[in-house]
Amino acid sequence: MANFSKPTAPRFSVDVYQNEFLPEGGRDVSAIVTVTSTGGGTSGGHAGHAGAAGVVIMVDCSGSMDYPATKMRGAREATAAAVDTLRDGTHFALVAGTHVAKEVYPGNGGLAVADARTRAEAKEALRRLSAGGGTAIGTWLRLADRLLSSAALTIRHGILLTDGRNEHESPEELRAALDACAGRFTCDARGVGTDWEVKEVTGIASALLGTADIVADPAGLAADFTAMMEHAMGKGVADVALRLWTPVGVEILFVKQVAPAVEDLTGRRTEAGPRAGDYPTGSWGDESRDYHVSVRVPQAAVGQEMLAARVSLIAPDPAGGDPRPLSQGLVRAVWTDDLAMSTSINPQVAHYTGQAELADVIQQGLDARKSGDRDGATAKLGRAVQLAAASGNADTAKLLSKVVDVVDAATGTVRLKAKVAEADEMTLETRSTKTVRVKR
């Protein structure tokens, strides 16, 4: 069993990277906001306000998990490995998911508290899992929400494994479940094999601020589940929001997470007072993430300057009071007639603009390929190869090379492969939003 100290509450810092200079008449301001949390995670210590953590593991037990039998066996072994990784004192439960959701352990409508005895009991319960029935993922998520709500927890997290499409409830029912669970717990989602729907699994992770990935070979599940649980055990602060305050007359164009993966947060804003809004970022341990903030300011004359936006990190007050600020940074606008200054593109902004385009053109290229538009697919995936090479995104470049033959990466000249393994195409689609950090 992994030996984790209870995470302390990390300290946050905010750094803003931008070219603040605009030409006369210029209005659009972009900035990369790097948020870093340190001193929390698994670095030791026992901060009293770090709070209790709860994890619910949802395992697909539909009939397809028996084909091949290695999937069900791999799922049991992976979940057992995740249980072994639970820190003492963590609240947890196991859910078997079919066309209904069933509590596997502890089975009393609540959560168990991890220790040697409960871990052993949970693993014994896992041995009795068998495959049979359909798939209705929304019911699994709603049960996880009820279980996580049964205890006073600071960190609430889910891990979801599926091997098939969500065929026993409508897309609207799944969306309603995701809307009901959003902001209540975070969730990592994994697809095992190649019979599941990429957009369903990535949509679940996106809505619940978690990660999504493919585990094409069931033999890789145990290592993946262990890594996910270790990551969950390192969280020290939950429900952190990026708060954006803008002066009168400033329009927000978009707010996106751009590292470690692209996630558009623009539509998730909740109002937080006059001219301020909060964008959810989920739970944090020891880590760093980058956000791209773009605003449109009123026109001003050369020589004028203004505060275009103030970016703050906000977390709930453990005592139940007003949310507390953790750190902040400023986005500025300065008008100049110096052409060199106003046309210079900040390297961080340029890098992540390219990474966001990379994610978009991969998705567009794969969609075109599936619809039979070979010319469109070749053009989009060629552009993706070009962007991946230019930005040093070696992982994405390697995934692209399994779908296209690269003639010239620098110009984006490619040929579609005649035959592509389904797992390779699904891996590229699932991981298309993963970005490489800019070299500072």
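What you are looking at is a predicted structure, and each value in this text was computed from that prediction instead of being measured.
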(message) Check this for me, if you would: do Asp224 and Arg190 make a salt bridge, where the nitrogen-to-carboxylate-oxygen distance has to be below 4.0 angstrom?
(response) yes
(message) Does either side chain, that of Asp360 or that of Gln364, offer a donor lying less than 3.5 Å from an acceptor on the other one?
(response) no
(message) For Asp290, is there an ion pair with Arg437 - N to carboxylate O distance below 4.0 angstrom?
(response) yes
(message) Within the supplied structure, the quantity of interest is the number of heavy atoms (other residues, nucleotides, ligands) at a distance under 6.0 Å from Asp375 CG; does it exceed 12?
(response) no
(request) Provide the full list of salt bridge (charged side-chain N to carboxylate O under 4.0 Å, His left out) pairs with a residue in residues 291-306, sequence neighbours left out, each pair given once. (result) Asp28-Arg296, Glu305-Arg332
(request) State whether the number of non-hydrogen atoms from other residues, nucleotides or ligands found under 6.0 Å of Leu253 atom CG is greater than 12. (result) yes
(message) Is the distance from the ring center of Trp284 to that of Phe12 below 6.0 Å?
(response) yes
(request) Test salt bridge (Lys or Arg N to Asp or Glu O under 4.0 Å) on Arg431 and Asp395 and set out the steps. (result) CA-CA 9 Å; Arg431 299 178 184 173; Asp395 289 344; over 6 Å; no
(message) Quick test of your reading of the model: are Lys380 and Glu357 salt-bridged, counting only N-O distances below 4.0 Å?
(response) no
(request) Please indicate whether Tyr67 has more than 12 foreign heavy atoms, meaning atoms of other residues, nucleotides or ligands, lying under 6.0 Å from its OH. (result) no
(message) Under 4.0 Å between a side-chain nitrogen and a carboxylate oxygen: does that hold for Asp286 and Arg11?
(response) no
(message) I'd like to check Val258 versus Thr435 (side-chain heavy atoms, cut-off strictly below 4.5 Å). Are they in contact?
(response) no
(message) Taking side-chain contact (heavy atoms from CB on, under 4.5 Å) as the definition, give me every residue that meets it alongside Glu167, ordered by chain and number, with sequence neighbours left out.
(response) Arg165
(request) Scan for ring-ring contact (aromatic ring centres under 6.0 Å, His included) pairs involving residues 175-218, sequence neighbours excluded, and state none if there are none. (result) none
(message) Atom CD of residue position Glu24 - does it have more than 12 heavy atoms of other residues, nucleotides or ligands inside 6.0 Å?
(response) no
(request) For the pair Thr85 (side chain) and Ala81 (backbone), establish whether a donor and an acceptor sit closer than 3.5 Å, ignoring hydrogens and angles. (result) yes
(message) If the threshold is 4.0 Å, N to carboxylate O, is there a salt bridge linking Glu271 and Arg269?
(response) yes
(message) My understanding is that only residues two or more places apart in sequence, or in another chain, count here; which of them pass side-chain hydrogen bond (donor to acceptor under 3.5 Å, both in side chains) with Asp278?
(response) Arg243
(request) Verify whether one side chain among Asp60 and Thr162 offers a donor that lies under 3.5 Å from an acceptor in the other. (result) yes
(request) May I ask you to check whether Arg156 and Ser283 show a side-chain donor-acceptor distance below 3.5 Å? (result) no
(request) Not counting sequence neighbours, which residues clear ring pair (Phe, Tyr, Trp, His ring centres under 6.0 Å) with His351? List them please. (result) none
(request) Determine yes or no for a side-chain-to-main-chain donor-acceptor pair under 3.5 angstrom, with Ser342 supplying the side chain and Phe21 the backbone. (result) no
(request) Give a yes-or-no answer on whether the side chains of Gln355 and Ser391 include a donor-acceptor pair shorter than 3.5 Å. (result) yes
(request) Taking only Lys NZ, Arg NE, NH1 and NH2, and the carboxylate oxygens of Asp or Glu, determine whether Asp264 and Lys256 approach each other closer than 4.0 Å. (result) no
(message) Suppose we screen for side-chain contact (heavy atoms from CB on, under 4.5 Å). Which residues come up paired with Arg184, at least two apart in sequence or across chains?
(response) Asp145, Ser149
(request) Please test His231 against Asp188 for side-chain hydrogen bond (donor to acceptor under 3.5 Å, both in side chains), starting from the C-alpha separation and ending with a verdict. (result) CA-CA 10 Å; His231 188 65; Asp188 294 323; over 6 Å; no
(message) I'd like to know if Asp373 and Arg369 make a salt bridge, using a cut-off of under 4.0 Å between side-chain N and carboxylate O.
(response) no
(request) Inspect the contact between Glu263 and Arg289 and indicate whether a charged nitrogen and a carboxylate oxygen are less than 4.0 angstrom apart. (result) no
(message) Taking the basic N atoms (NZ, or NE/NH1/NH2) and the acidic carboxylate oxygens, is any pair closer than 4.0 Å for Glu429 and Lys199?
(response) yes
(request) With Met306 as reference, evaluate Val29, Val250, Val334 under the side-chain contact (heavy atoms from CB on, under 4.5 Å) test and give the passing residue. (result) Val250
